[in-house]
Amino acid sequence: MKSIVILGSTGSIGTNTLDIVTKFPEQFRIAGLTAGSNDRKLEEQLRIFKPDTVALTDPAAAERLRERCRDLPVEILSGIEGQSQVAARPGVELVISAIVGGAGLVPTLAAIRAGKHVALANKEPMVMAGKLMQEEARRRQVNILPVDSEHNAIFQSMVGHRREDVRRLILTASGGPLWDMPLDKMRYVKPEQALRHPNWKMGPKITIDSATLMNKGLEVVEARWLFDVPPEQIEVLVHRESIIHSLVEYSDGSVIAQLGLPDMRTPISYAMNYPARMPLDPPPLDLARIGKLTFHRPDHDRFPCLGLGYESLRVGGTMPATRNAANEIAVAAYLSESIGFLDIANIVRTTMDAHQPVDVSSLDVALEADRWAREKAAALVRALSR
Ligand code: NAD
Ligand code: MG
């Protein structure tokens with residue numbers, strides 16, 4: 001039985017992971033769960049899965065949970081330190097990293113430093129400090145197994161092949177809910193419309209990132225560090241149906257891809273139980289019924305956030321962390337209707353232009369770039385919402 005911790009257990013990836021654990025109770029034991037501030041949902045989960053330890057980043061939410069769970073033998077921690085303690089718990093084999101945003105960097109790195117294998121959904125830490133995370137993982141001899149569907153597909157398409165034979169990684173993108181919308185209409189898109197993703201049901205932040213294509217911009221950086229492939233060899237292909245989850249092209253012209261219906265439980269379970277596959281029993285992929293699969297080049301004019309992803313990688317150092325932090329602030333401001341949809345890209349661009357990148361030589365350097373960019377982006381949001 002594998003002892004696991006889920007960071008961000010109350011979110012979309014977190015609850016999908018618990019769904020798998022419920023189906024295969026003899027294979028996994030939940031040792032720890034964490035969330036940001038959702039004490040109600042965490043309480044439900046801890047009464048079912050009975051972890052030894054849980055953590056909430058918000059101290060007031062942790063206090064509420066302690067009040068209500070006096071009857072249970074569970075340790076309730078708080079703050080980012082609490083998240084890291086749960087991540088580094090002795091006896092835990094695998095940590096599912098599923099917090100949203102840069103908040104996951106410190107606990108995910110704590111898991112790696114404590115010698116845990118990591119199933120990584122939380123892509124933002126890889127964007128902020130990918131080189132550092134990979135160096136730590138090598139030093140501790142732990143695997144970082146990608147959960148993000150595209151990276152999981154690439155990982156699967158590389159099993160049994162030689163890294164030096166790879167010519168291109170091709171990340172597919174659904175195009176998101178606004179793919180067909182003209183630019184003059186995009187200006188006025190309300191969050192409720194941008195949150196209506198055609199193929200995937202996910203948390204709000206990544207859904208807005210899918211609408212701007214910032215998500216794909218983050219994924220290019222994620223792929224660069226996960227697979228040690230330079231940005232010139234990473235391409236993005238818009239594929240509206242989300243059936244081909246990504247492809248790898250080899251030097252002899254062979255292209256290997258992974259296909260499946262869009263269901264995050266497939267990549268999550270593969271990362272949880274690699275190399276064995278779990279009998280999830282999804283409906284069969286009926287390609288004859290689907291009939292045709294379509295492909296388009298990305299439109300950089302309407303979706304500048306994808307290009308900002310490549311640009312941040314080319315500049316390197318703390319630039320990707322800066323871009324990520326500015327995006328987190330801009331997306332939150334858009335979701336609270338303080339700024340418009342097109343302001344997201346402008347805020348990220350302006351923050352990047354003002355940044356003096358340095359090498360990400362330590363965790364502190366990444367965190368400082370993150371802090372700086374959040375402040376800068378927040379000032380830009382204030383100026384726009386005045
Ligand atoms: P979500 O918003 O549904 O859930 C986020 C989780 O993180 C919640 O448990 C929340 O309590 C927790 N959290 C938020 N702020 C926190 C903080 N400061 N400290 C500790 N915990 C905090 O998000 P999601 O859609 O599940 O996405 C999680 C991550 O996985 C993101 O990085 C996303 O890009 C990535 N991802 C998600 C999907 C998907 O299908 N949802 C697919 C691919 C990748
Ligand atoms: Mg993805």
Side-chain angles (χ1 to χ4, degrees), residues 5-19 32-45 54-59 61-62 65 77-87 96-108 110 118-128 146-155 171-176 195 197 199-210 213-223 226 236 239 242 244-246 258 262-268 271 309 324 327-328 331-332 335 370 374:
V5 156
I6 307 175
L7 304 174
S9 65
T10 59
S12 162
I13 293 287
T15 50
N16 270 309
T17 306
L18 286 172
D19 191 47
L33 297 173
T34 80
S37 57
N38 193 343
D39 53 303
R40 287 280 168 198
K41 192 149 186 182
L42 191 61
E43 179 182 354
E44 277 169 35
Q45 295 180 341
V54 299
L56 284 153
T57 298
D58 176 3
L65 191 65
L77 304 170
S78 65
I80 280 295
E81 320 75 58
Q83 303 276 335
S84 297
Q85 270 173 269
V86 179
I96 318 291
S97 168
I99 291 174
V100 62
L105 173 58
V106 170
T108 304
V118 170
L120 187 82
N122 185 194
K123 63 192 81 180
E124 294 89 347
M126 264 294 163
V127 173
M128 296 165 72
V147 168
D148 208 349
S149 57
E150 297 77 3
H151 306 74
N152 191 273
I154 289 172
F155 183 75
L171 294 169
T172 52
S174 70
L195 283 169
H197 197 284
N199 305 346
W200 299 98
K201 200 174 165 311
M202 311 180 285
K205 192 260 178 186
I206 183 176
T207 309
I208 298 303
D209 286 348
S210 300
L213 256 68
M214 178 58 88
N215 184 48
K216 217 47 58 179
L218 296 171
E219 289 182 357
V220 168
V221 185
E222 186 188 10
L226 279 172
V236 170
H239 163 50
S242 298
I244 301 181
H245 298 304
S246 279
Q258 185 255 352
D263 182 341
M264 282 310 293
R265 286 171 301 186
T266 303
I268 295 170
N324 175 66
N327 179 58
E328 285 193 38
V331 170
L335 283 170
D370 178 81
R374 280 170 200 268

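Just follow the structure's listing: the first ligand is 1, and inside any ligand the first atom is 1.
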For the Mg ion (ligand 2), find the closest N/O/S atom on [X] and give its atom name.
X: E219; result: OE2
X: D148; result: OD1
X: E150; result: OE1

remark   = Minimal heavy-atom distance between T108 and N122, with the atoms involved, is OG1-OD1, 4.2 Å
task = Kindly give the heavy-atom pair with the smallest separation between P262 and H245, and that separation in Å.
result = CA-CE1, 4.2 Å
task = Give a yes or no on whether a salt bridge exists between K41 and E44, defined as a side-chain N under 4.0 angstrom from a carboxylate O.
result =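 Salt bridge between K41 and E44, a charged N being under 4.0 Å from a carboxylate O: no.
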message = Check this for me: does any side-chain nitrogen of one of K205 and E124 sit under 4.0 Å from a carboxylate oxygen of the other?
response =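 Salt bridge: yes.
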ask   = E328: what forms a salt bridge (charged side-chain N to carboxylate O under 4.0 Å, His left out) with it, not counting sequence neighbours?
value =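 Result, salt bridge (charged side-chain N to carboxylate O under 4.0 Å, His left out) vs E328: R374.
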request  = Collect the protein residues that have a non-hydrogen atom under 4.0 Å from ligand 1 and hand them over in chain and number order.
outcome  =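 Lining ligand 1: G8, S9, T10, G11, S12, I13, A35, G36, T57, Q83, A98, I99, V100, A103, A121, N122, K123, E124, D148, M202, G203, P204, I206, M264.
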ask   = Just by modelled atom types, is the I154 backbone N or O under 3.5 Å from a matching donor or acceptor in the S246 side chain?
value =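 Pair absent, no side-chain N/O of S246 close to backbone of I154.
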query = Is it true that a side-chain atom of N152 and a backbone atom of D148 form a donor plus acceptor pair closer than 3.5 Å?
reply = no
